[in-house]
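The block underneath contains the structure these notes are about, expressed in structure tokens.
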Amino acid sequence: NSYRAENQTDINLPAKNFLSIGGGLVAEKLNTTRYAGKRSNEILYFFLQDEWRASENLTFIGGLRYDDNSAYQSRWSPKLAARYKINEKLRVNASYGAGFKAPDFRQMFLNFMNTAAGGYTVYGANEITIEELEQQKQQGIISEILPRAYQLALLNPETSKGLNLGAQYDVNDKLNFNLNLFRNDIDNLIQVDIIAYRNNTAPVYSYFNVKRAFTQGFEFNSNYRISQQFQLQGGYQYLRTADKEELEKIKDGTVYTRDPVTNEVYRVDKSDYAGLPNRSAHMVNGKLFYDNV
């Protein structure tokens, strides 16, 4: 059962201010074979945002959000943004704000084996401990426990601070380009990782907090209206990520690895570090839309 109630009210205020204010309540209750028993969670949130048009070309936006999750402590998240119209074709914008993301049901409580895809298993962080894995190994269910499993713990919510700088250029009424530069510093980033292998070599996954991490890079997007019916979109993103603590150890020269071919042990260099797992450094996308008008 999932219940959600939300209200947003928009108010035109004097001095060219546009206020949005609202809040909501989310209540979820699950009883499924993918979870070990009944699970429930309640989320209460409140937000407000004011858009102030300081001049014909300059707009400021300030906002504040409050999240109260029944499983975690409450959190305030502010945001400030500005947009400036240089001319009829070019606009630039900047924003800085805080973020909050609590673990979801899957990351906390999932207990699932996918027999149709080789028998891999996924445990929520609340559903597995190193003691239980060692017991499964004694029973012959698990063949190997990886070092990552010894870091299993209950999840903390993600908190972040992000800076974005962007620009949009309209070539004409059919073609435009967007460029966005970003940097996000994240505490307790929620990351999935392999913790063990079953006796049939299928991996066992669970979720962890990366205590201090960052993501940064840029994205470039374009939109072209081919005709009234067809629209083409394309984009490219370059992304760099890191676990700050791991990166500091590498810079200090305290991380070593072994060459799988020669068995030579050598010190890991910064250029050898690929960043957080499951994050592509390069990503390209293309979309074609058709409107039946």
Side-chain angles (χ1 to χ4, degrees), residues 1-10 20-49 63-79 97-136 139 141-142 148-149 151-160 162 184 186-196 198 202-211 213 276-278:
N1 298 313
S2 179
Y3 305 92
R4 182 186 183 100
E6 182 180 73
N7 173 265
Q8 176 176 325
T9 302
D10 300 323
S20 297
I21 186 170
L25 172 67
V26 178
E28 297 176 309
K29 295 181 179 180
L30 291 178
N31 183 15
T32 171
T33 56
R34 294 190 177 191
Y35 296 88
K38 297 180 180 180
R39 302 298 183 184
S40 64
N41 192 31
E42 290 80 37
I43 302 170
L44 177 68
Y45 58 94
F46 167 80
F47 60 89
L48 63 87
Q49 175 178 289
L64 186 65
R65 180 184 173 98
Y66 172 78
D67 287 276
D68 185 11
N69 190 300
S70 63
Y72 300 97
Q73 64 184 17
S74 59
R75 180 78 179 185
W76 291 93
S77 302
K79 181 187 80 169
F100 172 84
K101 180 183 177 183
D104 58 29
F105 270 58
R106 168 178 50 93
Q107 295 162 341
M108 291 190 293
F109 303 123
L110 188 62
N111 188 335
F112 173 66
M113 177 188 294
N114 192 335
T115 55
Y120 74 85
T121 305
V122 184
Y123 289 112
N126 296 40
E127 295 298 318
I128 192 66
T129 64
I130 186 61
E131 290 79 15
E132 290 173 309
L133 285 176
E134 290 174 342
Q135 184 178 4
Q136 290 185 24
Q139 296 170 348
I141 301 172
I142 296 293
R148 190 72 158 114
Q151 302 173 10
L152 284 166
L154 299 181
L155 292 177
N156 292 314
E158 291 183 12
T159 58
S160 63
N184 300 295
I186 310 164
D187 292 336
N188 294 316
L189 173 69
I190 298 173
Q191 184 74 44
V192 66
D193 208 346
I194 300 175
I195 58 173
R198 294 175 58 84
V204 180
Y205 297 91
S206 191
Y207 298 89
F208 298 85
N209 283 124
V210 178
K211 189 174 181 181
L276 298 170
N278 306 313

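In this chain, numbering begins with 1 at the start of the sequence shown. The structure displayed is predicted, hence computed values, not measured ones.
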Enter the distance from Phe112:CZ to Thr121:OG1 here, rounded to the nearest 0.5 Å. 9.0 Å
Working note: Val122 + Tyr207, criterion side-chain contact (heavy atoms from CB on, under 4.5 Å); need CA distance, chi angles, decisive distance, verdict. CA-CA 9 Å; Val122 184; Tyr207 298 89; 3.9 Å; yes
Which word best sums up how the rings of Tyr205 and Tyr120 line up, parallel for under 30°, tilted for 30 to 60°, or perpendicular for over 60°? perpendicular
Partners of Phe46 by ring pair (Phe, Tyr, Trp, His ring centres under 6.0 Å), sequence neighbours excluded? none
Taking only residues two or more places apart in sequence or in another chain, which ones pass side-chain contact (heavy atoms from CB on, under 4.5 Å) with Asn7? Thr9
So does Thr129 get a backbone contact from the side chain of Glu132, meaning a donor-acceptor N/O pair under 3.5 Å? yes
Taking all non-hydrogen atoms of both residues, which atom of Lys29 and which atom of Ser40 are closest, and how far apart? CG-CB, 3.9 Å
Residue set satisfying side-chain contact (heavy atoms from CB on, under 4.5 Å) with Asn156, at least two apart, ordered chain then number -> Asn188, Asn209
Of all residues at least two apart in sequence or in a different chain, which pass the side-chain contact (heavy atoms from CB on, under 4.5 Å) check with Glu28? Ser2, Val26, Phe105
Nearest atoms (heavy-atom pairs only) where Pro277 meets Gln191: O-NE2, 3.1 Å
To the closest 0.5 Å, what do you measure between CZ (Phe208) and CD1 (Ile190)? 12.5 Å
Between Leu44 and Gly24, which heavy-atom pair has the shortest distance, and what is it? CD1-O, 3.3 Å
Please enumerate all residues that pass side-chain contact (heavy atoms from CB on, under 4.5 Å) together with Asn126, with sequence neighbours excluded. Met108, Phe109, Leu154
Residue set satisfying salt bridge (charged side-chain N to carboxylate O under 4.0 Å, His left out) with Asp193, at least two apart, ordered chain then number -> Arg148
How long is the span from the CD1 atom in Ile128 to the CG atom in Asn111, to the nearest 0.5 Å? 7.5 Å
Can you tell me how far the CG atom of Leu110 sits from the CD atom of Glu127, to the nearest 0.5 Å? 8.5 Å
Could you tell me whether the side chain of Leu152 reaches within less than 4.5 Å of the side chain of Ser206, counting heavy atoms only? yes
Taking side chain as C-beta onward, heavy atoms only, is Arg65 less than 4.5 Å from Lys79? no
If you look at every heavy atom in Tyr66 and Trp76, which pair is closest and at what distance? CD1-CE2, 3.4 Å
Between NZ on residue Lys101 and OG1 on residue Thr159, distance to nearest 0.5 Å: 12.5 Å
Closest heavy-atom contact between Leu155 and Gln107? CD1-O, 3.5 Å
Atom pair CD1/CD1 of Ile142 and Ile195 - distance to nearest 0.5 Å: 7.5 Å
When every non-hydrogen atom of Phe100 is compared with those of Ser77, the smallest separation belongs to CB-OG, 3.8 Å
